[in-house]
2 protein chains.
Amino acid sequence: MSGAAARKPRPRNAEATKALLLKAATEEFAEYGLAGARIDRIAERAGANKRLLYVYFGDKNQLFDAVVQEQTDAVLEAAPMDEGDLCAFAIARFDYVLANPDARRIAAWRSFEQTEPAEGERAAFRARIEAVENAQRAGRIRTDIPAADLFAFVLRITESWLSAPPALKAAGGGDPLSPKRMQQHRAALQAAVRSLVGQP
Amino acid sequence: MSGAAARKPRPRNAEATKALLLKAATEEFAEYGLAGARIDRIAERAGANKRLLYVYFGDKNQLFDAVVQEQTDAVLEAAPMDEGDLCAFAIARFDYVLANPDARRIAAWRSFEQTEPAEGERAAFRARIEAVENAQRAGRIRTDIPAADLFAFVLRITESWLSAPPALKAAGGGDPLSPKRMQQHRAALQAAVRSLVGQP
DNA sequence: CGTATGTAACTAACTATTGATTTACCAATC
DNA sequence: GATTGGTAAATCAATAGTTAGTTACATACG
């Protein structure tokens, strides 16, 4: 027998490897952010060689961009805004980020660590704001708050518990993320958004 | 004249130097976070020698803790919660973080990069939640949303525009932080919190 | 007075590590 | 046999943290 342990090389499958790397990068960036993430850890998480990361994605920043792109697209798709219905939007977004905590953290890291907005995302927000304006004109929601502000309120409120300061989550006692607690919070969120957007 | 430029050493004043370092660290951490901040840049910003930073604060993490402590204390003091008055709290907090953007960013970085809550802060949040509960019992605010949830909603809403994704801020066109815009948003915030906490 | 002396404030240059990115190479598979 | 997927090990810059001092200043002593 040879002394060195036999390393079994990864099966040759570019697509699968690329997907594994992206998944590992998503987890790593979600946990540590762009500056805190480590290329070595990403490769290790993926069980792949570091080099492949550069082959498939370019460099650390481009990898981060790829992760951001995927996650923001997913959130946008999971929480549509039909007819400017902010209540439905809020609940859909809450459900999605509760089930996919990484998506929320990636979006937050991005808006903290990168200030340059992407054009596609800007357009997506503009469309949502316009939908809210339409609903205002149709008399479905209050008009004393500008559409952009109202949308920003609702957007943040959907993740207010999930992104609350650790000390606040801990202040209540009990598991702040237990299913029971989340069910309760979901109902609270629904009530809150309803009274927030309704006619005053 | 001698070839080397004469470096004028910093006047010998421990308190002043320490304060300058803390200020520089606050700016650096606010901008880049714990992982992204650079010790050398902090020293340079302060116009002080790197070594002093270690003498006065220990290491990078302890320096970050010192900054966090100062900033969170300041926010807590600037936005008190008398009699569970969430409206007044919200406006006071908004005004403070608008005037002190670093405080908000520091708090955000902290809750993202460090998960261990400090005991003092936990107590502060508990006190606030209790104040809200009292107001609920007194019939001043709605009771169909648990106090902790309601507080979390209001807390996040106070910074929803300031911490909105860059793409959202940019979507509206015009300077998203102009005084005029902020005045408008402040009114929107007031209206929003009022209808959020009022009896349904 | 003037000078020794202890110590606090400060500085420059060094080290040891870490971490992103590359180079050079091997092995499947078409 | 050329191209594609994969690996190990080197490179090179940046960084947190240190070592080894120098200078200002106070206080005490002759």
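All chains are named by letter (A, B, ...) in the order of the sequence lines, taking the proteins before the strands, and each is independently numbered beginning at 1.
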Could you pull out all residues at least two apart from B/Tyr56 that satisfy ring-ring contact (aromatic ring centres under 6.0 Å, His included)?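 ring-ring contact (aromatic ring centres under 6.0 Å, His included) list for B/Tyr56, sorted by chain: empty.
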
With the criterion being N/O to N/O and under 3.5 Å, what pairs connect the protein with nucleotides 16-19 of chain C, and how long is each?
residue	atom	partner	partner atom	Å
C/dG19	OP1	A/Arg38	NE	2.9
C/dG19	O5'	A/Arg38	NE	3.1

Taking the inter-plane angle between the rings of A/His185 and A/Phe94 on a 0 to 90° scale, is it parallel (under 30°), tilted (30 to 60°) or perpendicular (over 60°)?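 Ring orientation of A/His185 relative to A/Phe94: tilted.
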
Got a sec? Which of residues 12-21 of chain A come in under 4.0 Å of DNA chain D, heavy atoms?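 Output list: A/Arg12, A/Asn13, A/Ala14, A/Thr17.
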
Donor-acceptor pair, side chain of [X] and main chain of [Y], under 3.5 angstrom:
X        : Y        : answer
B/Glu113 : B/Ala35  : yes
A/Arg156 : B/Ser163 : yes
A/Ser195 : A/Ala191 : yes

What distance separates B/Thr158 OG1 from B/Asp95 CG, expressed to the nearest 0.5 Å?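 The distance works out to 10.5 Å.
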
Looking at B/Phe29, is B/Lys60 sitting on its ring face, NZ or CZ under 6.0 Å from the six-membered ring centre and within 45 degrees of the normal?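 No, cation not above the ring by the 6.0 Å, 45° rule.
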
Going by heavy atoms closer than 4.0 Å, what residues in residues 43-58 of chain A are next to DNA chain C?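 Within this stretch, A/Lys50, A/Arg51, A/Tyr54 sit under 4.0 Å of the strand.
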
What side-chain hydrogen bond (donor to acceptor under 3.5 Å, both in side chains) pairs are there with at least one residue in residues 35-53 of chain B, not counting sequence neighbours?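 Passing the test, one end in residues 35-53 of chain B: B/Glu27-B/Arg45, B/Glu28-B/Arg41, B/Glu28-B/Arg45, B/Glu31-B/Arg45, B/Asp40-B/Lys50.
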
Can you pull the side-chain hydrogen bond (donor to acceptor under 3.5 Å, both in side chains) pairs that have at least one residue in residues 71-82 of chain A, sequence neighbours excluded?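 Residue pairs with at least one partner in residues 71-82 of chain A: A/Gln69-A/Asp73.
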
Between B/Gln183 and B/Arg186, is there a side-chain donor-acceptor contact under 3.5 Å, judged purely by atom types and distance?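 Per modelled atom types, B/Arg186 and B/Gln183 side chains form no pair under 3.5 Å.
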
